[in-house]
Visitor: 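Sharing a structure with you now.
Chain identifiers are assigned alphabetically (A, B, ...) following the order of the sequence lines, protein sequences preceding nucleic acid strands; residue numbering begins at 1 within each chain. Hydrogens, waters and symmetry mates are skipped; everything else that's a heavy atom, side chains included, is used.
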2 protein chains.
Amino acid sequence: MERELLLLGLLRRSDMHGYQLHEFIERNMSTCTDLKKSAAYYLLEQMEGRGWVRVSGELAEGKRPPRRIYTITEAGEAAYQQLLRENLAQAHTSVFPGNVGLAFLSDIALDEAIALLRQRRAALQAQADAVAHAPPHAGSLQYLIDHQRHHLHSELAWLEQVLNDLEQRLKGDLT
Amino acid sequence: MERELLLLGLLRRSDMHGYQLHEFIERNMSTCTDLKKSAAYYLLEQMEGRGWVRVSGELAEGKRPPRRIYTITEAGEAAYQQLLRENLAQAHTSVFPGNVGLAFLSDIALDEAIALLRQRRAALQAQADAVAHAPPHAGSLQYLIDHQRHHLHSELAWLEQVLNDLEQRLKGDLT
DNA sequence: AATTGACTAGTCAGTTTTGACTATTCCAAT
DNA sequence: ATTGGAATAGTCAAAACTGACTAGTCAATT
């Protein structure tokens, strides 16, 4: 339900059509979801079915395809209030598919593993730098950026630990 | 491709059937993926199509349904080597759908937000305790547990920061 | 000896998600 | 003025995923 919470939260601020919603999310909330354009449209149709949103105007400017402008309904507002509280109170467990490789580290030579993880560290550092230089956001959106920053630093620290461990082992092997 | 890397990595150690694979993953690698049983079967069929694995015996013990035992092929081994290296070298960006609510914090009263986030903190703490008391795992699997531990601590520290921030603001409002 | 509930093993219909596509407008450079 | 690329707005078939189900075995309980 996180995705619908997201859409409802944005529609509460102002009526929008699918493209606008997707655009805003991609630009400002990419740390929270990787919602694709077509998924956004799908969810909007779904929520319309549930009566959470209503399609208001379908003006066709020029020869463009008509834009469906979504408005949140009272039922939608109620769902929003509920979903928001649930979301804030719960600790959602995160999974890290990117780390599966770590489980198979012993399948490759120590020195190659170290080289590969150093590449990973560089890429991670690049991400951290990008977030560090990101322009500040308005209001509570800033929390998302802060969280990402915090998370990336934590990941870097952990990777450093793993690398140290492996480097120690490499030394041990050679002597 | 992380899921297929995972399956290949396990099939390399020993031949298995779908149920076994899913069981092992659920028990030991839940921090890396939430692969459902049916998804596992789907991926295995797919990988069979690509020639990465081969179905070997289909013994039917008693009146049980026949078990399809999967074996990794040479093509599968090649894919594994490639996927493992890619996985280790890349820094996979993680998204946190559980945090969308934070973006809408300003939609509810400060004191209620604080109460809700304290609930979240308690739940998070419970998760951290569970990982802390988890029995140690063999070999590189331990890295996954360590990472989860590290991550949960980082999340707790961040949440503490947010709570402090909000509590400060609450004080400011009252005076 | 029959019932219950857990464990093993897998299937399948229906839902959700995706990538690739269409089609128009705007704008900048050739 | 026109060509080409970005931005706008959305559709659709195909791929991926899920929950709910079947069905047998085993062990304990009643």
Visitor: In residues 33-47 of chain B, which ones come under 4.0 Å of DNA chain C, going by heavy atoms?
Guide: B:Lys37, B:Ser38, B:Tyr41
Visitor: Using atom CD of B:Glu26 as one end and atom P of D:dT18 as the other, report the distance to the nearest whole Å.
Guide: 12 Å
Visitor: Nearest to the side chain of B:Glu23, heavy atoms from C-beta on, is which of C:dT8, D:dT18, D:dA9?
Guide: C:dT8
Visitor: With the threshold set at 4.0 Å, does a side-chain nitrogen-carboxylate oxygen contact exist between B:Glu45 and B:Arg68?
Guide: no
Visitor: Testing B:Arg120, B:Arg118, B:Arg121 for salt bridge (charged side-chain N to carboxylate O under 4.0 Å, His left out) with B:Glu160, which one passes?
Guide: B:Arg121
Visitor: Would you mind reading off the distance between A:Glu2 atom CD and C:dT16 atom C1', rounded to a whole angstrom?
Guide: 15 Å
Visitor: Classify the side-chain pair A:Asn164/A:Gln168 by whether it contains a donor and acceptor separated by less than 3.5 Å.
Guide: no
Visitor: Please confirm whether the shortest side-chain N or O distance from B:Arg3 to OP1 or OP2 of D:dC17 is below 4.0 Å.
Guide: yes
Visitor: So, A:Glu74 and A:Arg54, do they make that salt bridge, N to O below 4.0 Å?
Guide: no
Visitor: Grab the NE2-C1' distance between B:His17 and C:dA9 for me, whole Å please.
Guide: 8 Å
Visitor: Any chance the rings of A:Phe96 and B:His92 have centres within less than 6.0 Å?
Guide: no
Visitor: Mind calculating the distance between CE (B:Met16) and P (C:dT8) to the nearest angstrom?
Guide: 14 Å
Visitor: What is the distance from NE2 of A:His22 to P of D:dT11, rounded to the nearest Å?
Guide: 15 Å
Visitor: Do B:His147 and B:Thr31 have side-chain atoms, one donor and one acceptor, less than 3.5 Å apart?
Guide: no
Visitor: Looking only at side-chain N and O atoms, does B:Tyr19 come under 4.0 Å of OP1 or OP2 in C:dG10?
Guide: no
Visitor: Using a cut-off of strictly less than 4.0 Å, decide whether B:Arg68 has a side-chain nitrogen or oxygen near OP1 or OP2 of C:dT11.
Guide: yes
